[in-house]
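Written out below as structure tokens is the structure these notes cover.
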Number of protein chains: 2
Amino acid sequence: MNSGKRKLDQTDPKDVPKAVVNRLSLYLRELQHLLRNGKTTISSNQLGRLLGFSDAQVRKDLTCFGHFGHPGIGYRCEELVSAIRRILGTDRLWTVALLGVGNLGRALLGYKGFAAKGFRIVAAFDADPRKANTTIDGIRVYSLDSLDEIVRQHQIQLVMLTVPAAAAQAAADVVVAAGVSGIVNFAPVTLSLPEHVSLVGVDLATELEQISFSVANRINSR
Amino acid sequence: MNSGKRKLDQTDPKDVPKAVVNRLSLYLRELQHLLRNGKTTISSNQLGRLLGFSDAQVRKDLTCFGHFGHPGIGYRCEELVSAIRRILGTDRLWTVALLGVGNLGRALLGYKGFAAKGFRIVAAFDADPRKANTTIDGIRVYSLDSLDEIVRQHQIQLVMLTVPAAAAQAAADVVVAAGVSGIVNFAPVTLSLPEHVSLVGVDLATELEQISFSVANRINSR
DNA sequence: CCGTGTGAAATCGTTCACAGCC
DNA sequence: GGCTGTGAACGATTTCACACGG
């Protein structure tokens with residue numbers, strides 16, 4: 001009965017440009033920083049200035065999701081933080097696993113920034129049997145064989161893939177088969193995944209290439 | 001004498017959309033992969049398919065920089081790899097320093113993928129005096145005091161910043177003062193830098209947030 | 001034929017400018 | 001007066017569709 005006739009004043013999330021979601025993360029980060037410094041309220045103009053965006057852009061981005069501002073006042077930081085966390089889906093706790101306990105994997109296992117953002121790494125996996133049954137930064141490392149079981153047991157939803165490039169697609173397939181819904185891929189290869197699994201790729205060498213281009217052409221990127 | 005009258009058949013690099021440069025990195029990665037598998041030639045359609053782009057997009061992206069294709073044939077992989085490397089500026093060797101020898105910093109010092117892409121990490125720095133004068137994965141760690149001297153000595157052009165958030169802006173200022181031209185910032189803060197220094201930000205928690213949003217809204221981000 | 005390069009059309013995202021509210 | 005929310009204008013990027021080359 002709750003069909004399409006209800007007045008929509010928010011954009012369907014599927015139609016929100018990826019760039020907007022990216023900026024949402026930046027707004028959130030900045031707002032949390034401002035809150036720690038005791039700021040309670042901020043205008044779109046100020047927030048935009050801090051991040052290098054226009055005031056109109058900040059407002060447009062936010063109104064994709066609802067009405068969070070107070071005319072004459074601006075945005076209340078705490079309120080907006082809650083709203084953005086709800087939009088991003090980080091108002092709840094995500095359980096995350098990490099595959100590939102190499103240099104980068106170990107670094108991510110020890111990274112302190114995830115917990116505060118709503119992500120808890122609950123298990124790690126590695127193909128090397130000598131790494132199985134060890135513990136790194138309080139996180140248990142399992143053999144790949146037990147991935148299925150552990151994923152279901154901990155209801156793991158997201159995976160960070162830090163395996164070597166050559167192993168990445170196979171690892172991703174295993175992860176998908178276990179029912180995970182999203183993957184952050186740090187391996188420098190293009191993965192092919194079924195439609196229903198979300199994917200974000202982070203390629204460290206690629207980031208350096210972007211800087212290389214900017215510097216070689218004396219562009220100030222961003 | 002070589003003024004603006006020469007017929008331009010390439011877009012001014014300053015006018016090339018950032019997204020295009022990003023895709024260039026992906027084309028390069030894929031082409032190198034194809035070459036390793038013995039493929040010598042590829043069409044815009046095939047290359048696009050592998051990466052999830054349209055054939056027209058691939059061609060448009062490439063023609064920003066010149067004429068690399070061969071009608072009826074496609075693109076010769078080796079030729080295109082050279083061209084893209086030249087465009088990205090990675091046909092030469094960049095010297096890179098890393099600041100902040102924590103978990104993530106150590107992982108990047110050991111990352112094997114940079115060398116093949118044209119980046120050599122020649123020095124690391126840390127504020128902790130106990131880390132100075134050690135060597136990690138063959139890379140010498142220096143105290144921050146010597147940054148100026150080492151940067152000039154090795155002609156370091158790029159820096160990867162892996163210091164704690166609270167230290168990032170100050171560290172960036174030091175790096176800029178030493179004359180570095182580009183920074184990849186892994187600290188979860190917005191840096192403010194002079195116009196002439198290029199900046200790319202990589203925030204690991206932010207990447208997870210993007211996945212969180214996609215999964216929470218059942219979008220296939222890609 | 002196959003496949004590139006490219007104007008023209010369509011789509012998408014950003015900025016403008018102002019009505020309305022505190 | 002300050003500031004949001006928003007249609008309309010603008011600018012940028014992507015897709016289309018086809019002329020031309022091997």
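Keep in mind that what you see is a predicted model, and the values were worked out from it rather than measured. Below, chains carry the letters A, B, ... as their sequence lines are ordered, and counting in each starts from 1. The basis for the numbers below is simple: all heavy atoms, side chains too, and nothing from hydrogens, waters or symmetry mates.
Using modelled atom types, one finds no donor on one side chain facing an acceptor on the other under 3.5 Å when comparing E209(B) with T90(A). Side-chain N/O atoms of R59(B) and S44(B) include a donor and acceptor closer than 3.5 Å.
In terms of the ring-ring contact (aromatic ring centres under 6.0 Å, His included) criterion, Y27(B) has no residue partners (sequence neighbours excluded).
Taking the 5' to 3' direction, DNA chain C first and last meets chain B under 4.0 angstrom from a heavy atom at dC2(C) to dA8(C).
In plain terms, the two heavy atoms of Q169(B) and L191(B) that are nearest each other are OE1-CA, 3.4 Å.
Taking atom CG on D61(B) and atom P on dA12(D), their separation rounds to 17 Å, with Å as the unit.
Side chain of N217(A) to backbone of F213(A): a donor-acceptor contact under 3.5 angstrom is found. A donor-acceptor distance shorter than 3.5 angstrom exists from the side chain of S214(B) to the backbone of Q210(B), with no hydrogens or angles considered. At least one donor-acceptor pair under 3.5 Å links the side chain of S212(A) to the backbone N or O of L88(B).
Position along DNA chain C of the nearest nucleotide to D15(A) versus N45(B) favours N45(B) as the more 5'-ward residue. Annotation: of the two residues near DNA chain D, S43(A) and V16(B), the 5′-most nearest-nucleotide partner is S43(A).
Under the 4.5 Å side-chain criterion, counting only non-hydrogen atoms from C-beta, Y111(B) is not in contact with I121(B).
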I'd like a table of atom pairs between the protein and nucleotides 5-7 of chain D - only N or O on both sides, under 3.5 Å - with the distance next to each one.
| residue | atom | partner | partner atom | Å |
| --- | --- | --- | --- | --- |
| dG5(D) | OP1 | F68(A) | N | 3.3 |
| dG5(D) | OP1 | G69(A) | N | 3.0 |
| dG5(D) | OP2 | Y75(A) | OH | 2.8 |
| dG5(D) | N7 | R59(A) | NE | 2.7 |
| dG5(D) | O6 | R59(A) | NH2 | 2.9 |
| dG7(D) | O6 | K60(A) | NZ | 3.0 |

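Residue Q57(B) has a polar side-chain atom (N or O) positioned under 4.0 Å from OP1 or OP2 of dT15(D).
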